[in-house]
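Start at 1 with the first residue, then count along the sequence.
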Amino acid sequence: MKRFEIVEAPIDVQQVIDKVSSREAGAITTFIGTVREWTKGKRTVYLEYQAYVPMAEKKLAQIGTEIEEKWDKAKVAISHRIGHLDISDIAVVIAVSSPHRKAAYEANEYAIERIKEMVPIWKKENWDNGESWIGDQRENTSYPTGRPEGEK
């Protein structure tokens, strides 16, 4: 059972939770990132995610290692979807189990922030009247050509 994965099919939330369930867990938190219709006043029609899958899965696993080192007995599973996603589709699911709820909450938030910071996943927003690649997951950089400068 792969705990850190990039998938093209819809994500089964319960399957992600099952990957971190254990008898030591006193809490399991889940974060479910979905496609929203409105972003900064623009109506989104659908999103398209792309990733360099081997590197993205390696970075997701790195985040899992960071969490398991930082929060004692925490266990993490992350699934991120790529491809065409419609409004309300699930883009990412993070499940964290821990003996205590506070650690599970904190580790889960840490995971989504690290995904946005370091995992090579790109998002293309398609609106009623146009489209744009979002250069990084924190949405601080746009890539009008669809990729970072210097890459082909």
Side-chain angles (χ1 to χ4, degrees), residues 1-13 15-22 25 27-36 38-40 42 44 46-126 131-152:
M1 189 163 38
K2 203 170 177 181
R3 287 195 297 141
F4 306 98
E5 62 182 1
I6 302 294
V7 298
E8 294 185 32
I11 298 170
D12 182 325
V13 176
Q15 284 184 352
V16 180
I17 293 169
D18 290 346
K19 293 175 184 179
V20 300
S21 294
S22 76
I28 297 174
T29 60
T30 56
F31 172 82
I32 303 171
T34 59
V35 177
R36 66 178 172 260
W38 292 92
T39 301
K40 298 177 184 173
K42 289 185 175 180
T44 302
Y46 68 92
L47 296 181
E48 181 182 335
Y49 285 98
Q50 292 185 2
Y52 175 49
V53 174
M55 180 59 75
E57 289 183 339
K58 184 176 176 181
K59 292 294 187 182
L60 293 176
Q62 179 184 332
I63 293 167
T65 298
E66 290 172 6
I67 287 171
E68 291 168 9
E69 289 173 356
K70 192 172 171 102
W71 285 276
D72 187 38
K73 298 181 181 172
K75 189 173 179 183
V76 186
I78 304 171
S79 293
H80 200 298
R81 188 172 169 196
I82 57 173
H84 177 106
L85 279 74
D86 291 315
I87 304 302
S88 300
D89 281 353
I90 295 172
V92 61
V93 175
I94 302 166
V96 177
S97 68
S98 170
H100 304 287
R101 70 178 178 273
K102 185 173 183 181
Y105 279 124
E106 290 174 353
N108 206 312
E109 182 177 14
Y110 178 87
I112 190 63
E113 295 305 322
R114 290 292 282 158
I115 289 170
K116 290 180 173 284
E117 183 177 283
M118 64 184 269
V119 179
I121 297 172
W122 302 277
K123 178 173 70 176
K124 184 178 185 180
E125 294 191 354
N126 294 274
E131 58 188 34
S132 179
W133 281 99
I134 305 301
D136 64 44
Q137 292 274 331
R138 289 189 169 196
E139 301 184 10
N140 294 325
T141 305
S142 66
Y143 296 152
T145 61
R147 63 180 57 96
E149 293 287 321
E151 293 189 22
K152 294 182 179 181

The salt bridge (charged side-chain N to carboxylate O under 4.0 Å, His left out) partners of Lys75 (sequence neighbours excluded) come to none
Kindly write out the residues that satisfy side chain to side chain donor-acceptor pair (under 3.5 Å) with His100, not counting sequence neighbours, or none if the list is empty. none
Nearest heavy-atom approach of Ile63 to Ala111 is CG2-CA, 3.9 Å
Return the set of residues passing side chain to side chain donor-acceptor pair (under 3.5 Å) with Ser97 (not counting sequence neighbours), or none when no residue passes. none
Closest non-hydrogen atom pair, Ser79 against Val16: OG-CG2, 3.6 Å
With sequence neighbours excluded, residues passing salt bridge (charged side-chain N to carboxylate O under 4.0 Å, His left out) with Glu109: none
OH-CH2 distance between Tyr52 and Trp122, expressed to the nearest 0.5 angstrom: 9.5 Å
Can you measure from CZ (Arg114) to CD (Glu117) and round to the nearest 0.5 angstrom? 4.5 Å
Output the distance between atom OG1 (Thr65) and atom CZ (Phe4), rounded to the nearest 0.5 Å. 6.5 Å
Sub-4.5 Å side-chain heavy-atom contact between Gln15 and Met1: no
Straight-line distance of Ile82 CD1 to Lys123 NZ, nearest 0.5 Å: 15.0 Å
As an exercise, state the distance from OG1 of Thr29 to CD1 of Ile17, rounded to the nearest 0.5 Å. 9.5 Å
Provide the closest heavy-atom pair for Ile87 versus Arg36 in the form atom of the first, atom of the second, distance. CD1-O, 3.6 Å
Heavy-atom closest contact (Ile121 atom, Ala51 atom, distance): CG1-CB, 3.9 Å
Mind checking whether Met118 and Gln62 have side chains closer than 4.5 Å, heavy atoms only? yes
Of Val76, Ile94, Val92, Ile78, which is the lone residue that meets side chain to side chain contact (heavy atoms under 4.5 Å, CB included) with Leu60? Ile78
Any heavy-atom pair between the side chains of Val119 and His80 that's under 4.5 Å? no
Check: Glu66 and Glu69 side chains under 4.5 Å, non-hydrogen atoms: no
Can you list the residues that meet the side chain to side chain donor-acceptor pair (under 3.5 Å) rule with Lys124, with sequence neighbours excluded? Glu131
In chain order, what residues pass the salt bridge (charged side-chain N to carboxylate O under 4.0 Å, His left out) check against Lys2, with sequence neighbours excluded? Glu57
Closest approach of Val96 to Ala74 (non-hydrogen atoms, all atoms of both residues): CG1-CB, 4.4 Å
In short, Arg81 meets Ile11 closest at the heavy-atom pair N-CD1, 3.8 Å
Look up atom OG1 in Thr44 and atom CG in Leu85, then write down how far apart they are to the nearest 0.5 Å. 12.0 Å
Answer yes or no: is there an ion pair linking Lys19 with Glu5, defined by an N-O contact shorter than 4.0 Å? yes
